[in-house]
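Presented below is the structure to which this report refers.
Positions are given from 1 along the sequence. Side chains included, hydrogens not; waters and symmetry mates left out as well; all remaining heavy atoms used. Whatever order the structure lists ligands and atoms in, that order sets their numbers, starting from 1.
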Amino acid sequence: MRGPAWRALLVVLALALADAAAGRFVVEKNSIQVTSPDELKGKYECAIGNFGVPQYGGTLHGWVEYPRTNRKGCQSFDQFDISFKPKKAGGRPNFVLLDRGECFFTIKAWNAQNAGAAAVLVVDDKSEPLITMDNPEEGKEHLENITIPSVLITKKLGDQLKKSAEAGDMLSVLLDWRESLPHPDERVEYEFWTNSNDECGPKCDMQMDFVKNFRGTAQVLEKKGYTQFTPHYITWYCPEAFVTSKQCKSQCINHGRYCAPDPEQDFSQGYDGKDVVVQNLHQICVFKIANETGKPWLWWDYVHDFALRCPMKDKKYTHDCASDVIKSLGLDVEKVNKCVGDPDADEENEILKAEQDAQIGHGKRGDVTILPTLVINNRQYRGKLDKVAVLKAICSGFEETSEPAICLSEDIQTNECLDNNGGCWLDKANNVTACKDTFRGRVCECPIVKGVKFVGDGYTHCEASGIGRCEISNGGCWQETRDGKTISACSNEVSEGCKCPAGFKGDGVKSCEDIDECQEKRFCQCKGCSCKNTWGSYECSCGDEKMLYMREHDTCISKEGTTATVGWSFLWVIFFGLVFAGVGAYAVYKYRLRSYMDSEIRAIMAQYMPLDNQEGANQQHHVAHADDI
Ligand SMILES: *[C@@H]1O[C@H](CO)[C@@H](O)[C@H](O)[C@H]1NC(C)=O
Ligand SMILES: *[C@@H]1O[C@H](CO)[C@@H](O)[C@H](O)[C@H]1NC(C)=O
Ligand SMILES: *[C@@H]1O[C@H](CO)[C@@H](O)[C@H](O)[C@H]1NC(C)=O
């Protein structure tokens, strides 16, 4: 008894949703810029497909090919011997232009990818506003293997491109996702609209895989304050007239207010829609309580552990199992239960009411109708729910240059450096490159290696600079070893450049040549001298045993002679100088002392008797006092 009952209810629920949301689905776009031919040059809009990997934050430049046959891309291009691989390695990639219709968008993308295309441009077959290409509900095992981006372009632009291609023009376009997400500040807010149901086929598997793979990254970003994440759950309501129907009773809680479809789409067996709503509510409450304790990231652990420990297939999708998981994460079960409330009560549940309100879009933000949906900085993410693709999208939501390190890590590399080193500077011998793979595409930037900064334009040259630069491939300078002696043109004392050391000449980079001091500098030309050039220096001998070569003055002097005599006489001068100074000082002292005492005595005696030579005595007295001062 599967068919009619659930179909009827799905229609009812869909109507209810459409009614509640006033149906406004926003088509997320990126820009497509035609760079040739000239008459089509300009910027156009295209809609990002909801599969594959759009290069959020980046660009992709390629040639456009319109296949001569299999133009809808519904068959493998192999059978027609068509390949879109670049003609030579490192060549600009090829995009393929395909017509809409006949098969799923994902089939077209899959066939194009297998034929080597780097992106798919699907041309709408109707003149209408752009729509979002979604993936089919039913499982297609290749879905998760689509890694190229897909976009839908308008019929108008498509017809022009096709015409141009058929006329034999070279078509070249730039796909640009840099403005697909707003990137206003240093924190990215994102939401994941999901579902606790683990039995809904590929979409549920995809959602669980995403939680499993992305959990670690999400937690790092959240703990460091780079992101603010909130989980969300879609619920529908049962129209008034059906509240007491069997269907609504099994799918809804709080008297038809919050509903979810039956997991197996069969009311008579397994879990019901209302069990899903209750588990969804648990998950929101876990987030709320975890957030209150300052650890919002515990939601990822809860959802992951719950799916693992309490799957529907083991009949463990229950309140008790949920409580065990909550407990093991150290969260307060009572608080969570209080938040969940009574599912049978005929009243609003604040939490679920808020979720229903949040489903409805506003401003540039569309309604959330596809499950799962990721909303990043208030825009819906389109593309594969894949760890790297999503991280790329989140990274493109940071204000430029404020991206956390994780955005520039190897995880997210585009491998553009593998091809021809991305056109950047490369020092093959030392395995140092300026090519840096980032989520925004490759950049040519002189690197920092072992703490040593390279400077330069990054394309044609980079050069080690500053302290320690000589440790790295000798700072790019010349260096040579002969007879165990190493001479280098790099010096850590200067911060850049190479200079041949004394005794050498040259540019210091490619070579330094020994200077022949004997010939070129005409050193050691004194009478009887003999000169011998050595590597980096020279030797000079004076011929006469008694002579000594003075390198500074390039001259020979007598070994015994001048220097010794000069030395001794100098000492004698100092010695006699000191003696004379000492004697002189003593004499002066003696004389002074005596004349002082004389004058004092005279002064005292003068008080008792008149002296015959008073004037002279007074003069002496005056002088002595003046000397005292
Ligand atoms: C998709 O990729 C997986 C893992 O790389 C592989 O096992 C699987 O066979 C692929 N599916 C298809 C349809 O190519
Ligand atoms: C989580 O907590 C933060 C700060 O405590 C708060 O700003 C934010 O609104 C909370 N989020 C939810 C969904 O409650
Ligand atoms: C060069 O360095 C990279 C990473 O630093 C390493 O993966 C690669 O194997 C190195 N290649 C050679 C030839 O040493």
Side-chain angles (χ1 to χ4, degrees), residues 20-21 181-196 207 210-211 214-236 253-254 257-258 260 276-306 322-323 325-326 329-341 343 347-369 371-381 390 393-394 397-399 402 404:
L181 285 181
H183 41 95
D185 54 27
E186 298 174 12
R187 193 182 72 179
V188 169
E189 288 82 31
Y190 72 110
E191 303 163 9
F192 184 40
W193 288 80
T194 179
N195 192 338
S196 65
Q207 170 167 286
F210 174 66
V211 168
F214 197 65
R215 178 166 64 125
T217 305
Q219 292 180 327
V220 167
L221 288 171
E222 199 75 12
K223 284 178 193 172
K224 299 219 167 136
Y226 291 123
T227 54
Q228 189 179 49
F229 168 75
T230 358
H232 282 291
Y233 296 81
I234 292 185
T235 59
W236 302 331
I253 66 169
N254 294 61
R257 284 182 177 83
Y258 316 106
V276 175
V277 185
V278 169
Q279 283 312 331
N280 288 350
L281 183 53
H282 267 87
Q283 301 197 343
I284 310 172
C285 286
V286 163
F287 176 78
K288 185 166 173 272
I289 305 301
N291 194 39
E292 279 168 11
T293 60
K295 292 182 181 169
W297 52 85
L298 285 179
W299 177 87
W300 293 90
D301 291 328
Y302 176 73
V303 171
H304 173 261
D305 293 359
F306 180 79
S323 295
V325 178
I326 294 168
L329 288 173
L331 290 168
D332 190 335
V333 178
E334 283 315 304
K335 275 192 184 162
V336 175
N337 287 342
K338 187 151 173 274
C339 167
V340 170
E347 59 185 20
E348 293 280 11
N349 177 303
E350 264 176 54
I351 305 272
L352 289 175
K353 179 81 177 54
E355 290 297 290
Q356 276 183 346
D357 291 344
Q359 265 163 250
I360 303 163
H362 49 81
K364 280 207 151 187
R365 181 186 162 127
D367 298 335
V368 178
T369 50
L371 260 191
T373 287
L374 204 60
V375 179
I376 303 174
N377 281 352
N378 268 328
R379 293 287 180 81
Q380 294 190 15
Y381 166 86
V390 169
I394 288 179
F398 290 103
E399 189 186 3
S402 74

For Thr230, atoms of ligand 2 separated by under 4.0 Å from a heavy atom: 13 (C)

Identity and separation of the nearest protein heavy atom to atom 8 (C) of ligand 2: Asn291 ND2, 3.7 Å

No-hydrogen, no-angle side-chain donor-acceptor test under 3.5 Å, Tyr233 and Gln279: no

Stepwise side-chain contact (heavy atoms from CB on, under 4.5 Å) check, Thr227 with Glu189: CA-CA 6 Å; Thr227 54; Glu189 288 82 31; over 6 Å; no

Per-atom contact, atom 5 (O) of ligand 2, protein heavy atoms, under 4.0 angstrom: no

For atom 7 (O) of ligand 2, closest protein heavy-atom neighbour: Gln228 NE2, 4.0 Å

Phe287: numbered ligand 2 atoms lying under 4.0 Å from its heavy atoms: 13 (C)

Parallel, tilted or perpendicular: ring planes of Phe214 versus Tyr190, cut at 30 and 60 degrees: perpendicular

Ring geometry between Phe287 and Phe229 (parallel below 30°, tilted from 30 to 60°, perpendicular above 60°): perpendicular

Carboxylate-amine/guanidinium proximity below 4.0 Å for Glu292 and Lys288: yes

